[in-house]
Amino acid sequence: MRNFDYHRPADMSAAIDAARAEGAEILAGGTLMVDLMKIGVREPDALVDITGLADLEGHDIGMDRIRFGALARMADVADDQTLKTAAPVLTESLWKAASPQLRQAARLGGNILQQTRCPYFRDTAYSQCNKRAPGSGCAALDGGKTNLHAILGGSDDCVAMYPGDWAQALIAFDAEVHTQGPGGTRTISFADLHVMPGDTPQIETILEPGEIVKHITVPVIPALKASHYLKARDRESYAFASASAAVGLEMEGETVRDVRIGLGGVAAVPWRARQAEEHLKGKSLTEETARETGRIAFADASPLEGSEYKIKLGADVVAGALMTAHARSQGGE
Amino acid sequence: MAQTLNTAVSRTDAPRKVTGTATYAADVIPAGMLHGALATSSIAVGTLTGLDTSAAEAEPGVVAVYTHENLPDYKSVKGFYAGGPGSASFWPMEGTEIKYAGQPIAYVVAETAAAARRGAQLITADYDSRPADVHMDPADSFVIGATGDSKGMVATKGDVPKGLAEAAQTLDVEYTTPFQHHNPMEMFASTAEWRGDRLTVWMPSQSVRTLRLGIAKAFGLPETSVRVISPFVGGAFGSKAGITPYAMLTIAAAKAVGAPVRLIVTRPQMYTVATFRPESVQRFRLGADETGKLTAFEHIEIAQTSQFDVVTNPGTHITRAMYASPNIHTEQRVARSDTNTGGFMRAPNEMQTFFGLEQAMDELAHKLGIDPVEMRRVNDTDRHPVEDVPFSSRSLMECYDSVSDTFGWADRTAEVGSMTDGDWLVGYGCATATYPTNILASNARVRMRGTGHAYIELAAHDVGTGSYTIFAQIAAARLGLPVEACDVVMGHGDMPVAPLAGGSGTAASAGSAVHDACLRIGRLVAAEVSRQPEGPLAGVSADRITLEDGVLRGPDGHSQSLVEALASTATTEVEAVGEFRHPALTDKLIRATFSGGYGTAGPVTPECAMFAFGAEMAEVHINRWTHEIRVPRAHGAFAAGTILNRKTAHSQLMGGMVWGIGSALHEVTEVDKPRARYLNANIAEYLVPVNADIREIRVEMLEERDDYVNPLGVKGIGELGIVGTAAAIANAVHHATGRRLRHLPIRMSDLV
């Protein structure tokens, strides 16, 4: 690991000042940043530890919106039983992520900014990685192994997959990210936070230097209550999704009034399957319509060598998640 | 005296381990110690044309950087498979040749571990790179024997084509198994301290003898000038057997820098600087009549090896011992690839070969419409099918009967896809497990005091298996002492020779040497007390006194406890070196073990075939939405002669089955083909089972007596548990889905 300066500012303005400096990075739980620094992928000049900013801690469940502080711990939110009842998709997607040790350390602000697990990004011995070294090429697309890469949203320059779980729930339920930076405060629609790789895969979000995530809000809508996060993975715990779906349903009698579908394990950025949502609205929810909806969610997918399975798997996972959400909308599990 | 063998005894070293007072190699900090770090090659094959170490040298805290140009010379030793003590025959940093990705190219010594690792990151290299292939080409394979011992690498009995022609059903299939890495929790570590011409090396080892001899040879030292210390090992599974380059480089760097140096290898580097489980292809051609009796049995194994060694883990030696057939042909082949040399990894090669064999038996049973357990029963045999000698003991069908009972095999409905549980498809599968009984020469020293204490000393190893405890139990049983009164000391190269901890040989062989030392103590004490003027055994001819469970017994019913007898002698202390030399051990084999090799007799001797057996059953659930594969139940019944400690043996067998679940569903070292590098060299992405993957594991240990293998009747259980698990799971997946998956691991991507 390269040596670095370490700052632990006591207030937000000092944090912004320190974080806007060239080569500075923000540190919260450190589960990703420290990991990437150890393996030489990130080499900041300075770390700005924001864990002293008490205003950014905790979460609360309001009538109209749920607020999550950027410093709330994954574990604390995942274990909140009130939230689990009110919005199961928001706790399940955290609970099924990482390991208990990581969930105790990791903070939500960092969680949504999680970087890819693409092995070519993480191993500096591979000289080609446009995300790590812009312009160097993409080893994955240059004959590499692509069975875990993005089949939605990838580009000719980068097919790295966004690995997180919680973000799928946030994008599906119109979350907003509230930040403060050198230019003041702003509110960003979660769907706008992440940037498609295109030909600049090194740019992952619209956040400016020194801009700090303060909190994340999710509007309370009926579909949150009958929601579910289904994660398919090769082992029962501590594994990234091969495919996942964050879904929610609002039924009006037998008819789907509102439906939300976020896709994980398959896309370059947190992904919302709007076409599939539109398809299901106004229909009844049966195994057949659920499976149709799943297929539509992947209609535009472009599989890479070895990742063809993700299309069928992803569709089945969407269908399975909708079936559970439907059962929840009927008062069952 | 409470029974101390074949009972459940808690580990004697457990308090030290859970309180952190057990000293592992990387816990030792010699005065003035510096830290090492490796820089490794990014390419797989080629020549190093330039190495820039200037940034590393300028890094604060870095003391020295060594490369092929300035590292002190040491004599290369041969790899294990060429009869030497090395993990491989090729030694990096001797020149500019690069033969595998992740090969060490520079060694940084610094004041802190962080500075050393940063220094290693700052080293840049230029290469003249050549094309490389991590995978073997099975079409380019050759029979083992061209360069080494060819004994039994090909075996033929009868006429396989004729047997296939006569069969009611035949099978011609190929199974593949991938690269796997051991991933012990304890990182590879090595600490070297020179004091003049005397050298001390702390490192976790499965064979301190091999290390000491090899290091002495490499550095031109008398063996007595080298101390190798390895009292505790935090998991090895085959990865800590030979001398590895990282150890040799650490010793050389410590010599050059003039201070003790410790290296802890990083997790990603652990994938390239030591051995691994080679990938393999298992080809089977089987034929059977309507009753399931085999008419032909052919197994050709092709295993991956490096460009500079021939890995010889003969798997077909074991498969051909399993089932009766009039026509048998087996071949042991290897094919080269651009990797470091592979080696043994828990149940070498039985995990791979039995994944093939036991699926093939299941496939044939399915074709014939025969219950898979019955398929094994009709082909069971009490004589080795090729060598035509009896088994020293073989309780295979007793194991099947036991496990069928606990598992509820009778509830299985034969039809594929016929069992479900809610959103889950359900399948039941079974498979045979076996492991050869290795017989190796061993010595052990036992010192006993009249106070009722014993000290057992031998250069054996507790690689987390429970050896400390079972040696104490053996001594306690023989000498009539409580287990706690028997102190066992191991893991030093200058102790009495014991074999490499591998191939499930330690309990059987080193344990028999402890047993023999205790009997010798009995004879020495008997001689003393028979000479005494008074006492229960005074005047009794010493050669008529026997030691039974800690009691000296004369021919006329007079007896005296060994402790009392010893206390009555002038010295009140006695010492003996025990030896285990099975009649099947030739001088050549004994010499091999005493010079750090693996001199095993068997599993087939002129009189007997020696194997432990087991039967495993697995229940598999496959989710109809996520296609996830889960194993809610795995049961195993095993017969391995005497079980010395029912608690540690249970843990061994259970651990093997857990690993088998991992082999079936999780483990694989992924490969980037064009650049010939590993892709998931970390334990986040190299999947092994987590707690949540392991539900019900049931282990039964059957009573079995074997008077041939060794005086304790022990056949060894360390490797046995894993052998049948992957095949049982694959067979259960077939039963649930009708999908026959002939590769490992079996993933949800195979089932969508």
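These numbers come from a predicted model, not from an experiment. Each chain gets a letter, A, B and so on, in the order its sequence line appears, and its residues count up from 1.
Between chain A and the residues B:E670, B:R630, B:Q121, the most heavy-atom pairs under 4.5 angstrom are made by B:R630. Considering only heavy-atom pairs separated by less than 4.5 Å from chain A, the leading option among B:V690, B:L679, B:D750 is B:L679. Counting heavy-atom pairs under 4.5 Å between each of A:S244, A:S99, A:S307, A:S237 and chain B puts A:S237 at the top. If you tally non-hydrogen atom pairs under 4.5 Å between each of A:K312, A:E308, A:R233, A:K310 and chain B, the highest count goes to A:R233.
For B:N682, the part sitting under 4.5 Å from any heavy atom of chain A is the side chain, from C-beta outward, and nothing else. Both the backbone and the side chain of B:A684 have a heavy atom closer than 4.5 Å to some heavy atom of chain A. The part of B:V671 that comes within reach of chain A is its backbone (N, CA, C, O), which places non-hydrogen atoms under 4.5 angstrom from that chain. With a threshold of 4.5 angstrom between heavy atoms, A:D123 approaches chain B through side-chain atoms but not through N, CA, C or O. Heavy atoms of A:R117 lying under 4.5 Å from chain B belong to its backbone as well as its side chain. Contacts between B:I683 and chain A at a heavy-atom distance below 4.5 Å involve the backbone alone (N, CA, C, O). Heavy atoms closer than 4.5 Å to chain B are found in the backbone of A:I39, but not in its side chain.
No side-chain donor-acceptor contact under 3.5 Å links B:R117 to the backbone of A:M1. Without hydrogens or angle criteria, B:R675 side chain to A:A139 main chain gives a donor-acceptor distance under 3.5 Å.
Taking a 6.0 Å sphere around CD of A:E288, one finds it holds 12 or fewer heavy atoms contributed by other residues, nucleotides or ligands. Residue A:D45 places its CG atom among more than 12 non-hydrogen atoms of other residues, nucleotides or ligands, all under 6.0 Å distant. The 12-atom threshold is exceeded at CH2 of B:W424, counting heavy atoms of other residues, nucleotides or ligands nearer than 6.0 Å. Atom CD of A:E305 has 12 or fewer heavy atoms from other residues, nucleotides or ligands within 6.0 Å.
With contacts defined as side-chain heavy-atom distances shorter than 4.5 Å, the pair B:T626/A:D316 does not qualify. By the 4.5 Å heavy-atom criterion applied to side chains, B:M748 and A:S242 are counted as neighbours. When side chains are defined from C-beta on, B:L665 does not count as touching A:R235, because their heavy atoms never get closer than 4.5 Å.
For the pair B:R677 and A:Y126, the cation-pi test (distance below 6.0 Å, angle within 45°) is passed.
Contact between B:V752 and A:Y309 at its shortest, heavy atoms only, is CG2-CB, 3.7 Å.
Distance check, rounded to the nearest 0.5 Å: CG of A:L313 to CH2 of B:W625 gives 13.0 Å. To the nearest 0.5 Å, the span separating CG on A:N147 from OG on B:S749 amounts to 7.5 Å.
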* To do: Quick one: do A:E236 and B:R695 satisfy salt bridge (charged side-chain N to carboxylate O under 4.0 Å, His left out)? Show the steps, please.
  => CA-CA 11 Å; A:E236 184 71 24; B:R695 314 275 178 86; 3.7 Å; yes
* Report the C-alpha separation of A:R2 and B:E59 in whole Å, then their side-chain angles, then the decisive distance to 0.1 Å, and conclude whether the salt bridge (charged side-chain N to carboxylate O under 4.0 Å, His left out) test is met. => CA-CA 10 Å; A:R2 183 173 173 232; B:E59 177 72 11; over 6 Å; no
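No salt bridge links B:D672 with A:K145; every basic N to acidic carboxylate O contact stays at or beyond 4.0 Å. A salt bridge links A:E43 with B:R118; the closest basic N to acidic carboxylate O contact falls under 4.0 Å. Under the 4.0 Å criterion applied to side-chain N and carboxylate O atoms, A:K231 and B:E628 are not assigned as salt-bridge partners.
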